[in-house]
Number of protein chains: 2
Amino acid sequence: MVSIKDIAKKAGVSISTVSYALNGNPKVTQETSARILAIAKELNYIPNAAARNLKKRETKILGVFLTDYSGAFYGQLLQGMRETLSQKGYELIVCSGKRSHLFLPERMIDGAIILDETLSDEELLQYADLGHKLVVLDRELDHPNISQVLLDNKAGATLAINHLIDKGHRKIYVLTGPKGTYDSIQRLNAVRQAASRHPDIDFTEIEGNFIKSSGEKAAKQILEESNQPVAVFCLNDEMAIGIYDYLSNTDYKVGKDIHIIGFDNIEVSNYVHPRLATIDYSKWRWGAVGSEQLLKLIANEPVEHERIYVTVIEGESVTNI
Amino acid sequence: MVSIKDIAKKAGVSISTVSYALNGNPKVTQETSARILAIAKELNYIPNAAARNLKKRETKILGVFLTDYSGAFYGQLLQGMRETLSQKGYELIVCSGKRSHLFLPERMIDGAIILDETLSDEELLQYADLGHKLVVLDRELDHPNISQVLLDNKAGATLAINHLIDKGHRKIYVLTGPKGTYDSIQRLNAVRQAASRHPDIDFTEIEGNFIKSSGEKAAKQILEESNQPVAVFCLNDEMAIGIYDYLSNTDYKVGKDIHIIGFDNIEVSNYVHPRLATIDYSKWRWGAVGSEQLLKLIANEPVEHERIYVTVIEGESVTNI
DNA sequence: TTGTAAGCGTTATCAA
DNA sequence: TTGATAACGCTTACAA
């Protein structure tokens with residue numbers, strides 16, 4: 001491994017001069033600086049990250065924590081983060097798994113964006129107390145070192161329900177999500193609020209868990225229970241796709257016998273036929289805003305919580321009844 | 001920040017004793033060790049990664065380099081890697097972008113898996129020369145510190161063509177991929193070889209670039225050129241989906257007017273109707289095998305290049321003519 | 001069994 | 001303008 005020591009020896013200067021030259025410090029003359037740089041390049045010198053991190057107490061690396069890598073919209077989300085951060089000289093690494101939770105206290109990364117239920121509120125608050133900067137996308141957490149960038153789930157769920165009602169639906173199933181996750185809880189609460197405003201409409205909740213198979217199961221149950229056309233609000237798109245799958249093996253048709261609206265506008269929703277009506281939001285923007293907030297926290301600038309707005313995407317999966 | 005110094009002071013021992021205790025070295029007595037551990041926990045001590053990395057010259061972190069985060073099958077691939085590596089005490093981080101290319105020479109990571117055309121062969125060979133361990137999934141590169149785990153593209157493309165021929169197709173379009181990427185080149189070569197073995201069959205190449213829009217463009221061209229039923233081998237699924245999209249706005253039907261087979265069996269291929277025929281392989285296994293190879297390289301065990309095998313998935317997008 | 005001390009590769013302070 | 005040197009937090013011979 002070639003270190004500044006090697007360069008110093010070869011250039012006949014001290015290591016401090018090398019360090020200054022390498023870091024563009026104007027104290028060292030153009031001449032020596034050029035010579036040192038040339039030698040550094042010749043020797044293929046690359047600074048050792050550990051040594052620098054140890055001394056400078058920062059890595060210029062930020063982490064994003066995901067529960068796993070399977071999420072259907074991570075691509076755009078991460079892209080939004082990366083583009084925002086790289087402009088400011090920060091690198092982004094994607095972390096998932098128990099050991100990586102230590103990256104923050106270990107000072108491997110300078111800050112983190114959280115979209116990972118497996119990290120507890122307590123753990124995050126503890127890090128925040130230690131001075132680490134965090135942006136949470138999946139929970140509400142109040143702390144001076146934490147900023148929230150949350151989806152407007154309530155507006156989304158309300159839009160979805162209203163869309164079904166506008167189309168004349170009076171029997172509405174709601175396929176719920178996992179009990180513990182923020183987005184799921186928020187969406188369900190909004191649905192219940194909407195339900196209480198519409199006593200004339202028949203709302204039925206079916207327990208789901210945000211994965212495809214629970215959509216299939218729900219479809220089976222719905223077909224057994226009722227034969228008039230019904231509407232289903234799936235609290236995420238993946239479950240909606242599950243319903244499509246189940247129906248494709250029956251004579252029932254989406255948008256005719258069962259009307260479906262989802263949430264998230266994941267990529268596959270663009271491909272299914274008929275097109276899935278859903279609630280859309282910019283995943284790219286979510287990542288970008290989250291990153292901006294993190295940079296502000298790190299720069300000790302004031303931050304306010306942000307909200308990501310949502311819109312309805314209409315599709316032939318919901319038609320007039 | 002709490003360091004071993006703080007613990008040493010509080011425990012009334014030297015820092016080396018603390019270090020030994022923390023690392024479970026049996027030289028230190030149960031008693032003192034227990035006391036030190038207790039204090040460490042009390043103070044919420046977390047070892048500083050930079051300091052340890054600097055000293056030990058390893059991080060127990062491996063990187064996987066991706067061109068971007070948008071790949072349709074990254075989820076399973078990464079999952080395969082993570083599950084394999086975490087068993088062996090390694091953490092995986094996902095890196096994308098210019099600066100992260102330095103993670104290897106900076107010694108931020110102990111090794112890397114490459115699926116990223118933006119890294120040049122020269123750069124990788126240079127790292128390998130410096131002693132860094134690499135596994136490449138997207139090119140052929142011979143070096144003692146590099147192991148290849150490649151898709152059997154040739155078998156896949158041959159299978160696809162044969163499937164079309166078996167179904168009676170005699171006019172076959174081939175929608176190609178970007179000129180520079182390994183998988184694309186390999187697949188096209190295999191197609192040309194198959195073509196030379198079947199002079200009776202009419203092969204036509206259309207230039208594509210692995211993204212959806214080139215499928216749409218190709219569909220337009222194909223419909224303009226020919227009206228008898230034709231077959232198309234799309235060198236990846238994404239372009240095949242593009243054809244579906246284009247046809248959905250016409251009166252032509254997949255599996256009837258245009259027969260399509262893809263490559264990769266990405267998630268959306270499961271959702272489209274009719275089901276897309278395609279070439280499948282285990283993304284999880286690809287990641288897992290790649291990881292195993294990397295661990296072997298790091299342990300200085302002998303490695304041989306590996307191949308990931310492929311199979312045909314039939315679908316109603318290709319029917320008998 | 002525990003302590004002393006050197007060293008990992010940088011940065012940065014102070015003196016020359 | 002450059003050089004000597006301490007320090008960052010940790011590991012690990014070697015000494016006690």
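Proteins get letters first, then strands, A, B, ... in listed order; numbering begins at 1 in each. Predicted model, so just to flag it, every value in this text is computed and none were measured.
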**Student:** Would you find more than 12 non-hydrogen atoms of other residues, nucleotides or ligands less than 6.0 Å from B:Glu301 atom CD?
**Tutor:**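 Check passes, neighbour count above 12.
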
**Student:** Picking from B:Ile36, B:Leu22, B:Asp6, B:Ile39, what satisfies side chain to side chain contact (heavy atoms under 4.5 Å, CB included) with B:Tyr45?
**Tutor:**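 Of all the options given, the one that passes is B:Leu22.
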
**Student:** Would you kindly check whether a donor in the side chain of A:Ser19 faces an acceptor in the base of C:dT10, or vice versa, at under 3.5 angstrom?
**Tutor:**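 Result: no qualifying N/O pair found.
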
**Student:** For the side chain of A:Ser184 and the backbone of A:Pro178, is there at least one donor-acceptor N/O pair under 3.5 Å apart?
**Tutor:**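 Between the backbone of A:Pro178 and the side chain of A:Ser184 there is a qualifying donor-acceptor contact (under 3.5 Å).
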
**Student:** Counting only distance, no hydrogens or angles, is the base of C:dT10 paired donor-acceptor with the side chain of A:Tyr45 under 3.5 Å?
**Tutor:**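 Side chain to base: no pair below 3.5 Å.
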
**Student:** Can you tell which of D:dG3, D:dC8, C:dT2 lies closest to the side chain of B:Thr29?
**Tutor:**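 Side chain of B:Thr29 sits closest to C:dT2.
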
**Student:** Have a look at A:Ser16 and say if it touches a base, only the backbone sugar-phosphate, or nothing, with a 4.0 Å heavy-atom cut-off.
**Tutor:**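 Answer is base: heavy atoms of A:Ser16 come under 4.0 Å of a base.
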
**Student:** State whether A:Glu42 and A:Lys10 are salt-bridged, where the test is any N-O pair (Lys NZ or Arg NE/NH1/NH2 against Asp/Glu carboxylate O) under 4.0 Å.
**Tutor:**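 Salt bridge flag = yes for A:Lys10 with A:Glu42.
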
**Student:** To the nearest angstrom, how far is A:Lys5 atom NZ from C:dC8 atom C1'?
**Tutor:**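 Rounded to the whole Å, the gap is 9 Å.
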
**Student:** On DNA chain D, compare the nucleotides closest to A:Lys55 and B:Lys55; which residue's is nearer the 5' end?
**Tutor:**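 With A:Lys55 and B:Lys55 compared, the 5'-side residue is A:Lys55.
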
**Student:** Classify the side chain of B:Tyr20 versus the base of D:dA13 as yes if they form a donor-acceptor pair under 3.5 Å and no if they do not.
**Tutor:**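 Yes, a donor-acceptor pair under 3.5 Å.
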
**Student:** On DNA chain D, compare the nucleotides closest to A:Lys27 and B:Asn48; which residue's is nearer the 5' end?
**Tutor:**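 Counting from the 5' end, the first nearest nucleotide belongs to A:Lys27.
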
**Student:** Among the nucleotides C:dT2, C:dG3, D:dT11, which one has an atom lying closest to any side-chain atom of B:Asn23?
**Tutor:**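 Nearest to the side chain of B:Asn23 among the choices is D:dT11.
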
**Student:** Quick one: does A:Ser14 reach the base of D:dA4 with a side-chain donor-acceptor pair under 3.5 Å?
**Tutor:**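 It does not, because no donor-acceptor pair links the side chain of A:Ser14 to the base of D:dA4 below 3.5 Å.
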
**Student:** Can you measure A:Ile4 atom CD1 to C:dT11 atom C1' for me and round it to whole angstrom units?
**Tutor:**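 It works out to 8 Å between those atoms.
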
